[in-house]
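Worksheet: one structure, shown below.
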Amino acid sequence: MNESLSHIFVDALLINNFVLCVFLGMCSFIGLSGKFSTAWRMGVSVMFVIIVSSILSYGTNLVLVRFHAEYLRIITYIVIIAATVQLTEMFIKKTSPALFRAMGVYLPLITTNCAVLAVPLFQTSRNYSFVQSVVFAIAASGGYTIAIVTLSLVRERVELSDVPSLAKGTALTLVLAAILSMAFMGFAGMGNGG
Amino acid sequence: MTNSWQMIRLLGAVSLLCGLLIVGTQVNTAARIRSNQETIMRESVARLLPGIEKQIVYGIQPSGDLIILPGIEVSGPRFFAGYDAAGNFLGVVMEASERGYADVISAMYSYSPDTRTITGFQVIDMKETPGLGNKISSDLPFLENFKHLDATRPIATVKHGAKKNPWEIDAISGATISSRAVGRMLQKSVAEVAPVIERNLDRIKRGQ
Amino acid sequence: MNWLSSRSFSQGVHVPEFKDATCRLPIRRLPFAPVLIVPLSQHTGAPAVSIVREGQEVVRGEPIAKAGGFVSVPMHAPATGRVERIALAPTARGDLSPAIFIKPYPGASQEILYGAPQDIEHMTPEQIIAAVQETGVVGLGGAAFPTHVKMKLPEGKRVDTVIVNGCECEPYLTTDHRVMVEQPAEVLAGARIAMKAIGASRAIVGVEDNKPDAIDALRKAAAPYTNLTIQSIAAKYPQGAEKILIQVLLGREVPSGGLPSDVGTAVFNVATLAQIGDLLPRHQGLIERVVTITGPGVAKPGNYLAALGTPLRWALEKVGCNAGVASVILGGPMMGAAVGSLDVPLTKGVTGVLVLTSREVNGSRKIYPCIKCAACVEACPMHLNPSRLGLLARKERYEEMENVFHLNDCFECGSCSYVCPANIPLVQYFRLAKQMNRKRKAIA
Amino acid sequence: MKPVIELRTSPHLHAPRSVETIMRNVVYALLPICAYAVWLFGASALALLVTTTAACVATEIFICKMSGRESSVGDFSVIITGLLLGLILPPGFPLWMAAVGGFIAVAPGKMLFGGLGFNVFNPALVARAFLQAAFPVAIMGYTPALAVHRLSEFIPTTFAIPLIKAAPLAGWIEKTRVDAFSGATPLMLEKFDHVHSELWPLLIGQRAGSSGETPALLIFLCGAYLILRRFMDWRIPAAMLTSALVSSAAFYFSDPSRYPNPFFMLLSGGMMLGAMFMATDPVASPVTPLGIWIYGSLIGLITVLIRLKGGLAEGVMYAILLANAMSPLIDNVTQPRSYGARGKEVA
Amino acid sequence: MNQDQPTCHSASPEPSPSETFVAFTAGLWKQNPVFVMVLGMCPTLAITNSVRNAIAMGLATTFVMASANAFISMVRKLVPKQVRIATYISMIATSVTIVDYLVKAISIPVYKALGPFIPLIVSNCLTLERAESYAGKNPIGKSILDGLGMGLGFTFALTCLGTVREVLGAGTFLGFPLFGSNFEPWVLFLLPPGGFITLAMWLLTFTLWRERSDKRKRAREAALEKPVEIAS
């Protein structure tokens with residue numbers, strides 16, 4: 001199906017939000033959403049890596065298809081992601097030590113963030129064109145960032161309240177995520193109503 | 001120096017091992033996967049065209065011509081023609097998809113070029129709301145719509161209980177969006193494929 | 001009320017005034033107590049140093065202690081009598097501090113025998129500042145900061161406008177109100193002395209519009225002077241706070257952690273200036289002040305001219321206390337502190353004595369969790385976020401309060417606690433937080 | 001020990017308004033709406049309101065007891081949650097589901113976060129969203145207003161057996177309807193069938209809908225009472241209704257044949273109830289002056305977008321929940337500039 | 001999380017067989033990857049709306065973990081530190097690709113139901129975590145057992161979630177209707193929020209259970225210590 005760019009964008013950003021509706025990038029969503037300062041850095045790093053690796057894997061996929069080597073997709077994609085992460089890390093370390101201090105810890109974690117691997121996989125299985133892939137990568141990683149940043153601020157706020165000791169920790173985070181996810185259900189069918 | 005050389009050698013060995021394993025698996029499973037996919041398709045088509053014994057997959061070229069596809073590997077514009085044991089033409093089965101409430105709904109439907117009606121409809125994949133939208137695959141009164149759906153006119157979805165004409169689809173109450181998506185999908189697909197079938201009907205009937 | 005023409009500021013709260021009981025009563029004199037307790041530290045800064053011995057005879061108005069440094073002022077004998085002893089006396093803060101106990105002679109006159117006229121017109125600013133220090137005048141609005149220190153500008157700072165603070169926005173208190181009504185000439189004289197000492201070209205007297213008689217009296221007295229303006233401003237709490245008043249009158253904002261002189265102004269309380277205007281030409285010292293003694297627990301509320309050092313218990317006996325006194329507050333109800341003992345003396349910084357009965361002091365108000373109604377955010381004159389500060393304080397995140405939420409800009413006006421529907425003791429939290437931060441820094 | 005210290009610190013005066021009076025007055029303001037709902041939709045609406053309130057109160061008492069806290073029912077906030085939940089469910093909603101909703105509202109929606117003042121989301125809306133997702137069919141079971149036997153008999157779905165599918169409503173509606181009724185609210189008619197509704201019935205609430213969301217005028221007046229007595233922040237409803245009006249007007253004037261009249265948007269669905277009683281929940285809304293305006297406008301805008309562009313007919317609930325989620329962010333970016341901060345930067 | 005293991009060790013009377021046994025059972029319960037370590041969240045939440053899918057996903061992960069652990073343990077002494085992660089990831093990716101094809105060959109409907117989550121096993125933090133902390137340090141037999149144990153523990157957790165979600169959300173278990181056709185399903189549990197809620201409920205249950213068992217353990221220890229004190 002030939003999807004319009006705006007639709008791909010809204011769909012990946014809100015309707016089928018990567019985190020809240022498709023359950024991708026869960027570990028970091030739960031583990032790194034405790035502090036706003038961590039969350040936004042993680043969000044930005046993920047956005048960068050997703051967009052770069054999406055572009056790289058689009059090109060790689062063309063090569064794989066050309067040589068009928070689709071069975072190497074998973075392994076090449078993960079290598080591309082690992083390489084992107086590694087190169088980004090080195091690049092930031094060289095150019096901006098301050099930025100590296102801020103982001104450095106989060107970058108290696110991105111390799112095992114399934115949201116990052118999911119983007120190239122989805123864009124391949126959905127036969128997106130290059131432009132569609134880029135839009136999809138931006139929207140999907142943007143959706144991830146929105147979710148993790150929102151959750152982190154909500155959690156910072158909850159930190160100031162008297163949460164019963166039993167519920168502290170992951171369970172409470174999950175309940176918050178559940179309510180957020182219910183709220184995102186309001187976007188279902190967006191752009192398709194008329 | 002020796003250290004990096006050692007590293008490269010090791011990585012090479014690892015890649016070789018991985019490559020061998022992957023290729024081995026791929027080679028060993030390819031036939032099985034293919035037959036699995038064929039079976040599923042065949043079963044879906046058979047469910048829509050009862051009494052089918054033989055089926056041909058036609059691909060539609062950009063020029064509008066038909067070619068017979070070797071199997072179901074090749075995606076793109078295509079349809080299935082079904083024949084009974086005696087080789088009589090039963091009808092065609094087409095694939096269609098459309099955005100529903102939650103995500104894309106993809107479906108198959110059978111179409112009779114002789115009467116220009118849709119004779120059956122089956123959802124293949126969807127993520128519609130359980131209990132509401134997902135009734136499009138199970139709600140019997142709704143599926144009743146597609147036993148004889150007139151496709152000579154633009155197919156339209158009307159609200160529950162308001163169906164008056166044979167080309168209208170009676171929507172599921174409370175699942176308007178999903179029902180409409182089905183109507184839109186059929187309407188678009190028929191408009192696209194029916195003329196091609198019409199033009200090549202003789203050839204299809206002969207099974208060439 | 002001319003509320004249309006009155007200026008005001010955007011935040012703050014409207015507090016019931018409770019001023020009717022005393023605002024029309026003329027200032028009356030309290031007789032001498034059997035013993036007057038003159039603490040050596042009635043002001044901000046170094047304590048004064050006693051220059052009398054036990055048993056020495058002193059004359060009313062005579063210096064009995066000299067300033068303990070530049071940021072310090074001398075003390076003068078409030079009555080003619082004998083120095084009974086020099087010993088520790090309880091203070092309103094709750095601790096003990098050295099004080100001179102003076103036993104006035106029975107029948108000692110209220111007349112001030114000490115002092116001689118001096119010519120202000122021909123004095124240099126430095127001489128005026130020195131003379132002001134000799135009078136022992138400190139900020140009589142409650143801060144008790146030595147006035148001459150305020151007049152001595154830091155290097156490189158210039159002040160163009162003297163602001164005279166006649167707001168008296170605290171409920172119940174009418175001290176400044178009566179001073180403005182009864183001594184407008186002294187107030188303006190003091191303002192002119194301050195202008196001369198500082199080198200300012202004009203002075204603005206800001207008076208809240210709930211005191212029309214004070215505005216009238218001042219305007220009449222100011223008629224001959226072109227560089228003195230009387231500005232009526234809409235009544236609102238805490239308009240009398242220095243920084244707020246500067247913003248209302250001049251539209252200037254004192255930088256966080258800065259002083260009024262950073263924006264070219266200096267602020268003096270009306271009562272302070274009235275004393276300077278009165279004492280300086282006669283070269284006398286500050287020995288008495290006007291104190292509003294009021295509240296539901298007082299039988300004869302009013303404004304009383306009390307000799308400094310008058311014990312609180314004695315003053316309250318003189319004005320009569322009703323049954324059921326629950327709390328005695330020095331200062332106004334919004335920022336004043338409740339005293340733990342009635343044996344403390346009235347000092348230079350005491351603007352009023354408020355006696356509340358158990359009906360007003362209802363300790364059983366239940367504390368609810370913060371419902372984030374934002375009333376405090378709208379009330380805070382410093383535009384802080386007391387709601388968030390309160391939540392952080394509950395979790396003892398004091399550093400974050402200071403670094404992210406500007407805790408140190410809070411001057412504890414009490415507006416947030418006043419409006420809080422959940423009765424959260426916000427100001428108390430903030431005091432504690434500041435204390436903890438100071439302690440932490442001291443350790444570090 | 002503690003109260004003695006509190007006695008001794010300033011300020012010694014206190015404004016008369018307290019949490020308890022605020023909450024009590026919100027309950028008063030909700031009662032006329034409840035009464036009108038019972039008159040419009042009959043005995044079932046009454047049973048629904050009683051059930052939700054009882055379920056909420058019972059849950060709160062139970063949790064307080066379990067966690068060894070002092071019962072917090074006395075602050076009335078749980079009663080507000082209960083009444084609001086009843087008002088935003090369809091009148092014939094099965095009572096057992098309503099009771100589940102009451103539990104969800106209070107247990108995970110409020111007490112999990114520490115009770116009053118700490119809930120991140122509006123508890124009643126959390127429960128409504130839960131029920132909407134859990135029982136999408138039952139929550140669409142709207143019945144007509146002013147049905148003939150409404151006061152003497154219950155809507156059959158009301159007493160559906162727990163965990164068992166409720167019988168379809170069509171038969172009952174057939175029997176009691178006063179005029180043609182399609183089982184849809186005006187918003188659903190507008191969205192899915194392009195049937196326009198008159199504004200007057202929307203204003204006085206004689207239409208299908210959730211039990212308490214229909215009488216726009218009455219809800220407005222009850223909200224106005226709270227605003228005038230300063231128990232509620234006027235800026236949130238003002239921002240929300242204005243932004244809804246402006247954004248829907250933009251749609252309307254771009255294509256009047258396709259999009260509904262902006263005033264229809266204001267009066268239909270739960271817009272008025274949401275603006276007056278849901279979005280104004282102080283706990284889940286920002287505290288900064290600018291933040292409050294942003295928050296209100298955001299709700300209005302998202303509501304209109306969901307209604308006109310989304311898959312659902314109604315979007316107020318989701319809009320408020322989303323804005324609740326955003327309110328810590330809004331609060332953080334709109335911290336007021338403290339007095340003197342500008343000078344500090346220069347210095 | 002890891003301090004559980006030493007206590008297990010010291011508690012066991014015969015070291016060698018029980019050690020192997022511990023390697024296997026730790027993942028099942030004491031160090032359950034989902035309920036205790038909170039790892040591998042994506043499939044835990046996404047693929048548990050039916051028991052069948054949950055088990056299939058769990059088994060696929062188990063296979064990947066066992067085989068990846070085996071490979072990694074094999075080469076663990078040869079791999080220099082710098083390229084450790086890269087090697088591990090390629091090993092895991094290889095296992096995943098194999099599983100991907102195997103599942104497709106076994107059943108297309110199951111493959112479709114698991115969607116993108118089979119390839120995504122690669123970036124499941126659980127697999128890399130075990131590779132790093134166990135397979136990279138232990139002999140091959142134990143590593144395989146660890147992979148199997150962890151994988152089965154993962155499967156167990158997924159099945160727990162799947163059961164709640166399928167029973168409440170559809171009224172069925174493994175596709176068999178449990179309550180008859182009149183059951184009103186709680187559709188929510190099949191939707192994304194249901195995944196979060198179900199996991200939250202399980203975690204709460206686990207916390208409660210552990211708290212109670214801790215309390216009991218402490219009580220027992222206290223009871224044991226008392227007489228000793230009296231004696232001394």
For this session: Among D:Leu321, D:Ile320, D:Val126, D:Leu322, single out the residue with the greatest number of heavy-atom pairs under 4.5 Å to chain A.
Result: D:Leu322
Problem set entry | Toward chain A, the part of D:Asn119 with a non-hydrogen atom under 4.5 Å | backbone
Exercise. What part of D:Met317 is in contact with chain A, defined as an atom under 4.5 angstrom from a non-hydrogen atom: side chain, backbone, both or neither?
Worked result: neither
Problem set entry | Atom group of D:Leu305 that falls short of 4.5 Å from chain A, counting heavy atoms | both
For this session: Mind listing the closest non-hydrogen atom pair of A:Arg157 and D:Pro328 along with its distance?
Result: CD-CG, 4.0 Å
Problem set entry | For A:Pro164 against D:Gly114, the heavy-atom pair lying closest together | CD-N, 4.2 Å
Exercise. What part of A:Val175 gets closer than 4.5 Å to chain D, counting heavy atoms only: side chain, backbone, both or neither?
Worked result: side chain
Exercise. Chain D: which of A:Leu160, A:Leu180, A:Val149, A:Leu176 shares the most heavy-atom pairs with it under 4.5 Å?
Worked result: A:Leu176
Seminar exercise, completed: dist A:Phe187:CZ -> D:Leu312:CG (nearest 0.5 Å) comes out at 11.0 Å
For this session: Compare all side-chain heavy atoms of A:Val163 with those of D:Leu112 and state whether any distance is below 4.5 angstrom.
Result: no
Exercise. Mind checking whether A:Asp162 and D:Phe118 have side chains closer than 4.5 Å, heavy atoms only?
Worked result: yes
For this session: Hey, could you give me the CD/CE distance between D:Gln132 and A:Met185, rounded to the nearest 0.5 Å?
Result: 7.0 Å
For this session: Might you confirm whether atom CZ of D:Phe103 has over 12 heavy atoms from other residues, nucleotides or ligands at distances under 6.0 Å?
Result: no
Exercise. Can you find a pair of side-chain heavy atoms, one from A:Thr150 and one from D:Leu329, that are under 4.5 Å apart?
Worked result: no
Exercise. Tell me, side chain or backbone of D:Arg69 under 4.5 Å from chain A's heavy atoms, or both, or neither?
Worked result: side chain
Problem set entry | Any donor-acceptor pair under 3.5 Å from A:Ser161 side chain to D:Phe113 backbone | yes
Problem set entry | Portion of D:Phe130 that has a non-hydrogen atom of chain A nearer than 4.5 angstrom | both
